[in-house]
Colleague: 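Pasting in a structure now, in structure tokens, and then I'll have a few things to ask.
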Amino acid sequence: MSDSAPVLTIDGPGGAGKGTISRLVAARLGWHLLDSGALYRLTALAAVKHEVPLDDEPALAHIAATLDVVFVAENDAATVLLEGRDATAAIRTEQVGDAASRVAALPAVRQALLQRQRDFRQAPGLVADGRDMGTVVFTDAPLKIFLTASAEERARRRHLQLREAGVDASLSSLLKEIQARDARDMQRSVAPLKPAIDAITLDTTRLTIPEVVDRLTELLTERGLASAT
Ligand code: C5P
């Protein structure tokens with residue numbers, strides 16, 4: 001039964017490394033991957049495309065519930081199709097990230113995306129990346145991780161990522177955006193960003209990506225959820 005498939009939840013603020021770490025752990029274990037942030041980003045992008053105001057909760061919930069999205073995993077790359085068109089790059093912009101965090105504050109939107117997220121739970125297991133994976137969506141997950149890093153370090157990582165992509169952005173404005181998004185995610189009334197009471201918090205400020213992946217694999221092995229690799 002899919003409901004009994006193990007889930008590793010990885011929650012935390014933007015830029016803590018959740019996306020990369022989740023992808024690597026899922027690939028190492030051969031588990032499925034849920035990038036829940038992508039669903040909020042896709043809802044925001046679809047809203048902008050269809051000229052739906054970002055505070056029209058019923059219309060946004062309808063968009064979320066009927067989102068025509070296909071995730072295509074090929075080798076190392078993942079492509080996202082929205083209404084049949086490649087939206088992989090479009091959902092990664094700062095504007096869409098900001099719009100996503102606004103629509104994500106609306107309870108009806110979160111409710112509309114709940115079952116779609118739970119449907120990702122399939123054997124042999126799922127790595128679920130987001131803000132409320134351990135607190136709301138998969139409360140019974142056998143291993144919950146809360147990944148953090150200082151805001152300065154997260155801004156530095158984002159700056160580097162953008163520079164590699166040929167985008168020039170100022171470090172101080174990135175830091176401000178990160179702090180504003182953290183505040184919005186932590187202060188919203190529904191599913192605020194916080195560690196689940198049974199989550200293990202891992203601060204990645206001084207850790208490399210392979211160190212974090214190894215630590216998570218160790219924890220899964222210790223709990224009998226994965227065999228030692
Ligand atoms: O993780 P990512 O930056 O792609 O998420 C975009 C936005 O979607 C976040 O800032 C957050 O507001 C929202 N989100 C959420 N719950 C999740 C995943 C993302 O509220 N599980």
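Every number for a ligand or one of its atoms is a count from 1 in the order of the listing. None of these values were measured; they are calculated from a predicted model. As a basis for the values below, the full set of heavy atoms in this structure was taken, side chains included, without hydrogen atoms, waters or symmetry mates.
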Colleague: Specify the protein heavy atom at minimum distance from atom 13 (C) of ligand 1: its residue, its atom name, and the distance to 0.1 Å.
Modeller: Ala104 CB, 3.6 Å
Colleague: Decide whether an N or O pair under 3.5 Å exists between Ser36 and ligand 1.
Modeller: yes
Colleague: May I ask you to say whether Arg23 pairs ionically with Asp129, meaning some side-chain N is under 4.0 Å from a carboxylate O?
Modeller: no
Colleague: Using a plain distance cutoff, I'd like to know if Gln117 has any nitrogen or oxygen under 3.5 Å from a nitrogen or oxygen of ligand 1.
Modeller: no
Colleague: Considering non-hydrogen atoms of the protein only, which is the closest contact for atom 7 (C) of ligand 1, and what is the distance?
Modeller: Ala100 CB, 3.9 Å
Colleague: Number the atoms of ligand 1 from 1 as they appear, then name those within less than 4.0 Å of a heavy atom of Met133, with their elements.
Modeller: 21 (N)
Colleague: Show the nearest heavy-atom pair for residues Gly17 and Leu147, with the distance to one decimal.
Modeller: C-CD2, 4.0 Å
Colleague: Check step by step if salt bridge (Lys or Arg N to Asp or Glu O under 4.0 Å) holds for Arg110 and Asp132.
Modeller: CA-CA 10 Å; Arg110 304 199 72 84; Asp132 62 342; 2.9 Å; yes
Colleague: Please report which non-hydrogen protein atom sits nearest to atom 19 (C) of ligand 1, along with the residue it belongs to and the distance in Å to one decimal place.
Modeller: Gly37 CA, 3.5 Å
Colleague: So how far is it from Thr217 OG1 to Leu8 CG, rounded to the nearest 0.5 Å?
Modeller: 9.0 Å
Colleague: Nearest protein heavy-atom contact for atom 8 (O) of ligand 1: which residue, which atom, what distance?
Modeller: Tyr40 CB, 3.6 Å
Colleague: Determine, stepwise, if the pair Asp185 / Arg181 fulfils salt bridge (Lys or Arg N to Asp or Glu O under 4.0 Å).
Modeller: CA-CA 6 Å; Asp185 288 350; Arg181 199 171 310 167; 5.9 Å; no
Colleague: Heavy atom under 4.0 Å from ligand 1: found in Arg184's side chain, backbone, both, or neither?
Modeller: neither
Colleague: For the CG atom of Leu207 and the OG1 atom of Thr205, what is their distance to the nearest 0.5 Å?
Modeller: 8.0 Å
Colleague: From atom 12 (O) of ligand 1, work out which of Val136, Asp185, Asp98 has a heavy atom at the shortest distance.
Modeller: Asp185
Colleague: Mind checking whether Arg131 has an N or O less than 3.5 Å away from an N or O of ligand 1?
Modeller: yes
Colleague: For ligand 1, indicate whether the residue Arg188 contacts it via side chain, backbone, both or neither (heavy-atom separation under 4.0 Å).
Modeller: side chain
Colleague: With a cut-off of 4.0 Å, which atoms of ligand 1 are near a heavy atom of Arg181?
Modeller: 10 (O)
Colleague: Would you please name every residue forming a side chain to side chain donor-acceptor pair (under 3.5 Å) with Glu211, sequence neighbours left out?
Modeller: Thr208
Colleague: For atom 16 (N) of ligand 1, which protein heavy atom lies nearest, and how many Å away is it?
Modeller: Arg110 NH2, 3.0 Å
Colleague: With heavy atoms of Ser101 as the reference, note each atom of ligand 1 found under 4.0 Å away.
Modeller: 10 (O), 12 (O)
Colleague: Locate the shortest heavy-atom distance separating Tyr40 from Gln117; write the atom from each residue and the value.
Modeller: OH-NE2, 4.0 Å
Colleague: Among all protein heavy atoms in this structure, tell me which lies nearest to atom 3 (O) of ligand 1, with the distance rounded to 0.1 Å.
Modeller: Arg41 NH2, 2.9 Å
Colleague: For residues Ile200 and Val137: do they belong to one hydrophobic cluster (side chain heavy atoms under 4.5 Å, members Ile, Leu, Val, Met, Phe, Trp, Tyr)?
Modeller: no
Colleague: Sort out for me which residue in Arg92, Arg41, Arg131 forms a salt bridge (Lys or Arg N to Asp or Glu O under 4.0 Å) with Asp35.
Modeller: Arg92
Colleague: Side chain or backbone, does Asp132 bring an N or O within less than 3.5 Å of an N or O on ligand 1?
Modeller: yes
